[in-house]
Amino acid sequence: MYAVQPSCPDPARREAEPWEYYLQLPHDPRAPGIARTTVRAILVAHGLRELVDTAALLTSELATNAYRYAQGPASLRLNWEPHRLRVAVRDNNPELPAALAPDPDADGGRGLFLLDLFSDRCGGYALGEEPFGLCGKLMWFELAAG
């Protein structure tokens with residue numbers, strides 16, 4: 001993981017300074033928890049406590065889907081522009097998930113519903129082609145702050 005901008009606890013200053021973090025996630029069942037913990041730590045360090053719970057929940061959903069439906073590593077990227085946080089997870093499965101109405105009796109299947117419900121914006125797209133086909137997808141969400 002690398003930091004482009006150092007920690008900035010002053011709320012007035014944090015909104016004016018863009019930053020970005022990147023984390024490579026192995027194909028491991030612990031990866032969603034590590035992604036969630038990392039997002040929490042970054043947002044607290046930057047004074048964005050009002051975004052912590054929602055960002056951690058939605059990041060966990062995206063990282064869990066990457067682990068479940070892709071066969072290789074994934075990556076997590078957090079990007080802050082003034083008043084906007086964008087979180088993206090990239091994996092090697094080009095198939096975009098279908099948004100379904102959540103089944104109240106099911107153990108899963110609520111990820112996209114939660115993204116739509118709690119994010120300010122969200123989306124996803126297949127990534128460019130490699131010589132033998134698509135090379136993955138990127139799913140993202142945005143949260144407004146301030």
Side-chain angles (χ1 to χ4, degrees), residues 1-104 106-128 134-146:
M1 179 172 53
Y2 67 86
V4 176
Q5 179 67 29
S7 176
C8 181
D10 177 12
R13 190 166 164 240
R14 62 140 177 165
E15 294 181 5
E17 307 263 343
W19 48 257
E20 182 175 68
Y21 290 84
Y22 177 83
L23 177 66
Q24 185 74 23
L25 299 168
H27 189 256
D28 183 287
R30 295 169 288 206
I34 291 167
R36 185 175 50 250
T37 300
T38 301
V39 165
R40 285 183 175 282
I42 291 168
L43 295 178
V44 167
H46 282 281
L48 294 165
R49 291 182 188 274
E50 71 272 22
L51 300 180
V52 168
D53 291 335
T54 303
L57 170 68
L58 299 181
T59 298
S60 184
E61 292 296 331
L62 292 181
T64 297
N65 283 350
Y67 171 70
R68 281 188 180 160
Y69 302 111
Q71 297 303 311
S75 61
L76 169 70
R77 185 177 303 269
L78 281 80
N79 180 276
W80 171 257
E81 296 293 332
H83 306 287
R84 179 188 60 83
L85 174 71
R86 177 177 273 212
V87 177
V89 173
R90 178 183 188 211
D91 65 44
N92 66 359
N93 179 352
E95 187 175 324
L96 294 173
L100 304 170
D103 178 353
D107 289 336
R110 293 176 184 81
L112 292 181
F113 175 75
L114 294 174
L115 280 173
D116 285 338
L117 186 63
F118 293 118
S119 70
D120 292 301
R121 291 180 54 208
C122 62
Y125 51 89
L127 297 170
L134 293 173
C135 65
K137 71 175 166 298
L138 185 123
M139 300 294 295
W140 59 271
F141 66 87
E142 290 181 354
L143 299 174

*Asks:* Quick one: salt bridge (Lys or Arg N to Asp or Glu O under 4.0 Å) pairs with a partner in residues 32-43, sequence neighbours left out?
*Replies:*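 Listed by first then second residue: Arg40-Asp53.
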*Asks:* Before you tell me yes or no, could you show the steps for Leu57 and Thr54 under side chain to side chain contact (heavy atoms under 4.5 Å, CB included), namely the whole-Å CA-CA distance, both residues' side-chain angles and the distance that decides it to 0.1 Å?
*Replies:* CA-CA 5 Å; Leu57 170 68; Thr54 303; 5.8 Å; no
*Asks:* Please round to the nearest 0.5 Å and tell me the distance separating atom CG of Leu23 and atom OH of Tyr21.
*Replies:*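 It is 12.0 Å, given to the nearest 0.5 Å.
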*Asks:* Do you know the tightest heavy-atom contact between Pro32 and Pro29?
*Replies:*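 For Pro32 versus Pro29, the nearest heavy atoms are CD-O, 3.4 Å.
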*Asks:* Taking all non-hydrogen atoms of both residues into account, name the closest pair between Val87 and Leu62 and its distance.
*Replies:*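 Reported closest heavy-atom pair: O-CD1, 4.5 Å.
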*Asks:* Check for a donor-acceptor pair, side chain of Ser60 on one end and backbone N or O of Ala56 on the other, with a separation under 3.5 Å.
*Replies:*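 No.
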*Asks:* Got a sec, which residues hit side chain to side chain contact (heavy atoms under 4.5 Å, CB included) with Ala31, two or more places apart in sequence or on another chain?
*Replies:*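 Listed in chain order: Leu25.
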*Asks:* Scan Val52, Leu85, Thr59 and name whichever one has a side chain to side chain contact (heavy atoms under 4.5 Å, CB included) with Val39.
*Replies:*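 Exactly one option meets the side chain to side chain contact (heavy atoms under 4.5 Å, CB included) with Val39, and it is Thr59.
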*Asks:* Between atom CG of Asp116 and atom CZ of Phe141, what is the distance when rounded to the nearest 0.5 Å?
*Replies:*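 Output value for this atom pair is 12.5 Å.
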*Asks:* Can you name the nearest heavy-atom pair linking Ala74 to Asp91, along with the distance?
*Replies:*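 Heavy atoms only, the tightest pair is CB-CB, 4.3 Å.
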*Asks:* Would you mind reporting whether Arg86 and Arg121 have side-chain heavy atoms less than 4.5 Å apart?
*Replies:*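 Yes. Closest side-chain heavy atoms under 4.5 Å.
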*Asks:* As an exercise, state the distance from CG of Leu51 to CD1 of Ile42, rounded to the nearest 0.5 Å.
*Replies:*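 Reported to 0.5 Å precision, the distance equals 12.5 Å.
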*Asks:* Is there a donor-acceptor contact under 3.5 Å linking the side chains of His46 and Trp80?
*Replies:*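 On atom types as modelled, these side chains do not qualify, holding no pair under 3.5 Å.
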*Asks:* Determine the minimum heavy-atom distance between Trp19 and Leu48, stating which atoms define it.
*Replies:*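 Scanning both residues completely, I find the closest heavy atoms to be CZ2-CD1, 3.7 Å.
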*Asks:* Please list, chain by chain and in numerical order, all residues satisfying side chain to side chain contact (heavy atoms under 4.5 Å, CB included) with Ser75, sequence neighbours excluded.
*Replies:*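 With sequence neighbours excluded, Ser75 shows a side chain to side chain contact (heavy atoms under 4.5 Å, CB included) to Tyr22, Gln24, Arg90, given in chain and number order.
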*Asks:* Could you grab the distance from atom CD of Glu142 to atom CG of Asn79, nearest 0.5 Å is fine?
*Replies:*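 The CG atom of Asn79 is 9.0 Å from CD of Glu142, to the nearest 0.5 Å.
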*Asks:* Which heavy atom of Asn93 sits nearest a heavy atom of Tyr69, and at what distance?
*Replies:*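 Looking at all heavy atoms of both residues, the closest pair is ND2-O, 2.6 Å.
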*Asks:* Between Tyr67 and His27, is any pair of side-chain heavy atoms under 4.5 Å apart?
*Replies:*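 Heavy-atom side-chain distance check passes, below 4.5 Å.
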*Asks:* Using the side chain to side chain contact (heavy atoms under 4.5 Å, CB included) rule, take Leu78 and Glu20 through it: C-alpha gap first, then chi angles, then the decisive distance, then the call.
*Replies:* CA-CA 5 Å; Leu78 281 80; Glu20 182 175 68; over 6 Å; no
*Asks:* Ignoring hydrogens, what is the shortest heavy-atom contact between Gly124 and Met139? Give both atom names and the distance.
*Replies:*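 Looking at all heavy atoms of both residues, the shortest contact is CA-SD, 3.6 Å.
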